[in-house]
Amino acid sequence: MQFRRAATLTVTFEVGQLAVHNFLTKDRFTCSTECLGFLSRLDDWQPAERLFEYFPGTDRSGLAEQLTQLVEFNALVVEGTSQAALDQKYREEWQWGTVAGFYHFSARNTPFLVGNGVRDFMRQRKAWRPSPPLYQSNADALRILPLPATDVQHESFALMRRRRSEREFTEEPVSLQALGDCLFSGNGIVEFYEDEDFGRLPITMTPSGGARNPFELYVYVRNVMGLEPGFYHYAALEHNLGLIRSGEVDIPEMLAGQEWPARAAAIVFLVAYFPRSMWKYHLASAYRVVLMEAGFIGQNIALAATHHGLSAIPSGAFAESLIESYLGTPPVEASVTLSVSIGIPQHGQ
C-alpha cells in the first residue's frame with residue numbers, strides 16, 4: 001500500500017490555527033506545523049513503512065491512527081482507490097493552477113437558502129447595513145452628453161424589452177420548435193473557421209474566447225411535445241437531441257431546493273468542458289472567460305424563449321454532482337455552470 005499527498009490541499013490561518021482544506025473533496029481539518037512538514041515531503045508515492053520512518057521513536061499504533069485520520073480527511077490518498085483516481089485526474093486535467101481550482105471546486109455543490117430562510121437572512125443583512133446603490137448616475141460628471149433615445153419598438157429592442165423572468169409556469173407543454181430554437185440560439189454551430197495552428201473552429205450563435213466553444217448543452221425535458229421525459233444532449237452541429245437518460249427526476253432536488261422550477265417544461269444545463277479552453281489558454285484568467293460565455297448563451301436562450309412567448313429563467317443555484325451524475329459528465333474536467341428553466345408563463349409576456 002502506497003500513499004501520496006493530495007494535489008488539492010491549501011492552508012489558511014484561522015484564529016491561531018492552521019487549517020488544511022482539500023478543495024476537491026471539501027474536507028477541512030486543523031493541523032500542526034509538524035503535520036504540514038510531513039505532508040510537504042509526500043510529493044510522490046511512498047510505502048507505509050517509509051511514512052513511519054519520518055517519525056523515529058514514535059509509538060507506531062498512535063502514528064498509524066493519525067495516518068488513518070489523514071486518509072479519512074483526504075489529505076493522503078491511497079494508491080489504487082477511487083479517490084486516488086480522482087486526484088490523478090485533477091493532476092492531469094486541471095491546468096489553471098491552485099488558486100482557480102480552489103475557487104472552482106470550493107464553489108461547487110454549495111448549500112443554498114430557499115423559501116422563508118432567504119427572507120429571514122435578508123432582514124438580518126438589512127439590519128447589518130443597507131444595500132449599496134444598484135445603479136449610478138452622472139450627476140457629478142464634468143459634462144453630461146445626452147444620447148439619442150433607443151427605439152424600443154424596433155424588433156430587436158422590443159424583444160429584449162419583453163424579456164422577463166416569470167417564475168410561475170402553466171402546465172401546458174412547450175413545442176419542440178420552441179425548444180429547438182432556444183438550443184440553437186444558445187449554442188448552434190453556424191459555420192467553421194479554418195486556422196493553420198488552431199484547426200477547424202466552430203462559430204456559434206454566441207461569442208467564444210478563441211472560438212474554443214467550451215460549452216455543451218443538455219436539457220431535462222418534463223413537458224415538451226413529442227419528447228418523453230428525461231435528459232437529452234443537444235448536438236450543436238447536427239441540431240438534434242440524443243436521449244441519455246429517460247424518466248422523471250426531482251427538479252427541486254437538482255436546483256438546490258428551489259420549488260419554482262418544478263413546473264418548468266424543460267431545463268437547459270450549460271456544461272463547460274474546460275480542456276477545450278485550457279488547450280489554448282494556460283492562464284487562470286481563461287476560467288473567468290468561460291464563465292462569461294455562459295452568460296452570453298443564457299441570454300440568447302432567454303431571447304429565443306421570449307420570441308416564442310415563453311419565460312426562461314437562469315439560475316446558478318443547483319446541485320452540480322447530482323446533475324452531472326444524471327448527465328454522465330466528468331466531475332473534474334467538466335462542470336455545470338448555469339441552468340435555464342423554460343416554460344409557458346401564467347401571466348403571459
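The shown structure was predicted, so the numbers you read here are calculated from the model rather than taken from an experiment.
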**Student:** Decide, yes or no, whether a salt bridge links Arg222 with Glu171 under the criterion of side-chain N to carboxylate O below 4.0 Å.
**Tutor:**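 Counted as a salt bridge, because a side-chain N and a carboxylate O are separated by less than 4.0 Å.
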**Student:** Check whether more than 12 heavy atoms from other residues, nucleotides or ligands sit under 6.0 Å from atom CZ of Arg288, and answer yes or no.
**Tutor:**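 No, CZ of Arg288 has 12 or fewer neighbouring heavy atoms, counting only those of other groups under 6.0 Å.
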**Student:** Could you give all pairs that pass the salt bridge (charged side-chain N to carboxylate O under 4.0 Å, His left out) test and reach residues 7-24, with sequence neighbours left out?
**Tutor:**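 Sorted result for residues 7-24: Glu14-Arg28.
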**Student:** Please say whether more than 12 non-hydrogen atoms of neighbouring residues, nucleotides or ligands are located less than 6.0 Å from CG in Leu145.
**Tutor:**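 Count over threshold, so yes.
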**Student:** Measure from the side-chain N and O atoms of Glu293 to the backbone N and O of Gly209, and report whether any donor-acceptor pair falls under 3.5 Å.
**Tutor:**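 Side chain of Glu293 to backbone of Gly209: a pair is present.
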**Student:** Report yes if some heavy atom in the side chain of Asn74 is under 4.5 Å from a heavy atom in the side chain of Thr8; otherwise report no.
**Tutor:**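 A side-chain contact under 4.5 Å is absent here.
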**Student:** Within a radius of less than 6.0 Å around CD of Glu34, do more than 12 heavy atoms belonging to other residues, nucleotides or ligands occur?
**Tutor:**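 Not more than 12 within 6.0 Å, no.
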**Student:** Kindly indicate, with the supporting measurements, whether the criterion side chain to side chain contact (heavy atoms under 4.5 Å, CB included) is fulfilled by Tyr326 and Val249.
**Tutor:** CA-CA 9 Å; Tyr326 293 146; Val249 298; 3.9 Å; yes
**Student:** Side-chain heavy atoms under 4.5 angstrom apart, residues restricted to Ile, Leu, Val, Met, Phe, Trp, Tyr: same cluster for Leu270 and Phe184?
**Tutor:**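 Same cluster: Leu270 reaches Phe184 through Ile, Leu, Val, Met, Phe, Trp or Tyr contacts under 4.5 Å.
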**Student:** Apply side-chain hydrogen bond (donor to acceptor under 3.5 Å, both in side chains) to Thr329 and list each qualifying residue two or more places apart in sequence or on a separate chain.
**Tutor:**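 Counting only residues at least two positions away or on another chain, Thr329 forms no side-chain hydrogen bond (donor to acceptor under 3.5 Å, both in side chains).
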**Student:** Out of Phe55, Phe52, Phe3, which one pairs with Phe38 under the ring-ring contact (aromatic ring centres under 6.0 Å, His included) rule?
**Tutor:**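 Answer after filtering Phe55, Phe52, Phe3: Phe55.
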**Student:** Do you see a donor-acceptor pair shorter than 3.5 Å between the side chains of Asp181 and His308?
**Tutor:**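 Asp181 vs His308: donor-acceptor pair found between side chains.
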**Student:** Hey, does the side chain of Ser246 reach the backbone of Gly230 with a donor-acceptor pair shorter than 3.5 angstrom?
**Tutor:**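 Flag not set: sc Ser246 to bb Gly230 has no pair under 3.5 Å.
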**Student:** Would you name the heavy atoms of Leu179 and Leu227 that are closest together and state the gap between them?
**Tutor:**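 Of all heavy-atom pairs spanning Leu179 and Leu227, the closest is CD2-CD1, 4.0 Å.
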**Student:** Determine the minimum heavy-atom distance between Ala264 and Ile267, stating which atoms define it.
**Tutor:**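 Nearest pair, atom of Ala264 first, then Ile267: CB-CG1, 4.2 Å.
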**Student:** Check the surroundings of atom CD in Glu194: do more than 12 heavy atoms from other residues, nucleotides or ligands lie under 6.0 Å from it?
**Tutor:**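 Yes, the 6.0 Å shell around CD holds more than 12 heavy atoms from other groups.
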**Student:** Taking Arg245 for the side chain and Phe231 for the main chain, is one N or O donor matched with an acceptor at less than 3.5 Å?
**Tutor:**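 Such a contact is absent between Arg245 side chain and Phe231 backbone.
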**Student:** Donor-acceptor check, side chain of Asn22 to backbone of Ala75, threshold 3.5 angstrom: yes or no?
**Tutor:**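 Checked: no pair found.
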**Student:** Does atom NE2 of His282 have more than 12 heavy-atom neighbours, drawn from other residues, nucleotides or ligands, at distances under 6.0 Å?
**Tutor:**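 No, because the 6.0 Å sphere around NE2 of His282 holds 12 heavy atoms or fewer from other groups.
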**Student:** Please answer whether the main-chain N or O of Val114 pairs with a side-chain N or O of Gln258 as donor and acceptor at a distance below 3.5 Å.
**Tutor:**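 Answer holds: no.
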**Student:** Quick one: does any side-chain atom of Asp87 pair with a main-chain N or O of Ala6 as donor and acceptor, under 3.5 Å?
**Tutor:**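 Checking the backbone N and O of Ala6 against the side chain of Asp87, no donor-acceptor pair under 3.5 Å is found.
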**Student:** Could you check Phe29 against His21 for ring pair (Phe, Tyr, Trp, His ring centres under 6.0 Å), going step by step and ending with a plain yes or no?
**Tutor:** CA-CA 7 Å; Phe29 62 96; His21 308 258; 8.8 Å; no
**Student:** Considering only heavy atoms from C-beta outward, does the side chain of Cys35 approach that of Leu70 to under 4.5 Å?
**Tutor:**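 Yes. Closest side-chain heavy atoms under 4.5 Å.
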**Student:** Where do Glu248 and Pro229 come nearest, in terms of heavy atoms and distance?
**Tutor:**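 Answer, listing the atom of Glu248 first, then Pro229: CG-CB, 3.7 Å.
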**Student:** Any salt bridge linking Lys89 with Glu333? Criterion: basic side-chain nitrogen under 4.0 Å from a carboxylate oxygen.
**Tutor:**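 Between Glu333 and Lys89 there is a salt bridge, with a charged N closer than 4.0 Å to a carboxylate O.
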**Student:** Assigning hydrophobic clusters by single linkage (Ile, Leu, Val, Met, Phe, Trp, Tyr; side-chain heavy-atom cutoff under 4.5 Å), is Phe296 placed with Val290?
**Tutor:**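 They do not share one cluster, since no chain of ILVMFWY contacts under 4.5 Å joins Phe296 to Val290.
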**Student:** Could you walk me through whether Trp94 and His104 pass the ring pair (Phe, Tyr, Trp, His ring centres under 6.0 Å) check?
**Tutor:** CA-CA 11 Å; Trp94 189 262; His104 171 70; 5.3 Å; yes
**Student:** Is there a path from Leu39 to Trp45 through hydrophobic residues (I, L, V, M, F, W, Y) whose side chains come within less than 4.5 Å of each other?
**Tutor:**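 Looking at the clustering, Trp45 is in a separate group from Leu39.
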**Student:** Is it possible for you to check whether Arg263 lies under 6.0 Å from the centre of the six-membered ring of Phe169, through NZ or CZ, and within 45° of that ring's axis?
**Tutor:**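 No - Arg263 does not lie over the ring of Phe169 by the 6.0 Å and 45° rule.
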**Student:** What do you reckon, is CD of Glu79 surrounded by more than 12 foreign heavy atoms closer than 6.0 Å?
**Tutor:**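 Correct, the count exceeds 12.
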**Student:** For the pair Arg212 (side chain) and Arg276 (backbone), establish whether a donor and an acceptor sit closer than 3.5 Å, ignoring hydrogens and angles.
**Tutor:**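 Indeed, once roles are kept as given, a pair shorter than 3.5 Å links the two residues.
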**Student:** In terms of heavy-atom contacts, does CD of Glu53 have more than 12 from other residues, nucleotides or ligands at under 6.0 Å?
**Tutor:**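 It does: Glu53 CD has more than 12 such atoms within range.
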**Student:** Is any side-chain heavy atom of Tyr232 less than 4.5 Å from a side-chain heavy atom of Val221?
**Tutor:**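 With C-beta onward as the side chain, the pair touches.
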**Student:** Ignoring hydrogens and angles, state whether a donor on the side chain of Thr25 or Gln83 is under 3.5 Å from an acceptor on the partner side chain.
**Tutor:**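 No pair is found: no donor N or O on one side chain lies under 3.5 Å from an acceptor on the other.
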**Student:** Within the structure provided, determine whether Met254 and Phe318 are in side-chain contact (heavy-atom separation under 4.5 Å).
**Tutor:**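 The answer is no, as the side chains (C-beta and beyond) never meet within the 4.5 Å cut-off.
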**Student:** Rounded at 0.5 Å granularity, tell me how far OG1 in Thr204 sits from CD in Glu191.
**Tutor:**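 The OG1 atom of Thr204 sits 10.0 Å away from the CD atom of Glu191.
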**Student:** Is NZ or CZ of Arg50 both nearer than 6.0 Å to the six-membered ring centre of Tyr54 and within 45° of the ring axis?
**Tutor:**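 Geometry flag: set, cation within 6.0 Å and 45°.
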**Student:** Could you check whether any side-chain N or O of Gln346 sits under 3.5 Å from a backbone N or O of Thr170, counting only pairs where one atom can act as donor and the other as acceptor?
**Tutor:**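 Not confirmed, Gln346 side chain does not pair with Thr170 backbone.
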**Student:** Give the intermediate values and the outcome of side chain to side chain contact (heavy atoms under 4.5 Å, CB included) for residues Leu241 and Tyr234.
**Tutor:** CA-CA 5 Å; Leu241 291 173; Tyr234 173 63; 4.1 Å; yes
**Student:** Judged by modelled atom types alone, do Glu168 and His347 share a side-chain donor-acceptor pair under 3.5 Å?
**Tutor:**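 Short answer, no.
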**Student:** Distance-only, no hydrogens or angles: does the Asn187 side chain make a donor-acceptor pair with backbone N or O of Phe215 under 3.5 Å?
**Tutor:**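 A pair under 3.5 Å: yes.
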**Student:** Going through the checks in order, is the side chain to side chain contact (heavy atoms under 4.5 Å, CB included) test met by Met160 and Arg163?
**Tutor:** CA-CA 5 Å; Met160 296 177 195; Arg163 188 215 60 79; 5.9 Å; no
**Student:** Quick check on Asn116: does its CG atom have over 12 non-hydrogen neighbours (other residues, nucleotides or ligands) under 6.0 Å away?
**Tutor:**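 Not more than 12 within 6.0 Å, no.
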**Student:** Quick one: NZ on Lys26 to CZ on Phe105, what's the gap to the nearest 0.5 Å?
**Tutor:**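 Separation between the atoms: 11.5 Å.
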**Student:** Shortest non-hydrogen contact from Val78 to Met1?
**Tutor:**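 In terms of heavy atoms, the two residues are closest at CG1-CG, 3.6 Å.
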**Student:** Short question: side chain of Arg164, backbone of Arg161 - any donor-acceptor pair under 3.5 Å?
**Tutor:**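 Between the backbone of Arg161 and the side chain of Arg164 there is a qualifying donor-acceptor contact (under 3.5 Å).
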**Student:** Going by the rule side-chain hydrogen bond (donor to acceptor under 3.5 Å, both in side chains), which residues pair with Arg123 if we only count those two or more places apart in sequence or in a different chain?
**Tutor:**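 By the side-chain hydrogen bond (donor to acceptor under 3.5 Å, both in side chains) rule, Arg123 matches Asp120.
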**Student:** Going hydrophobic residue to hydrophobic residue with side-chain gaps under 4.5 angstrom, can you get from Val340 over to Leu322?
**Tutor:**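 No; tracing contacts between hydrophobic side chains, which count when under 4.5 Å, never links both residues.
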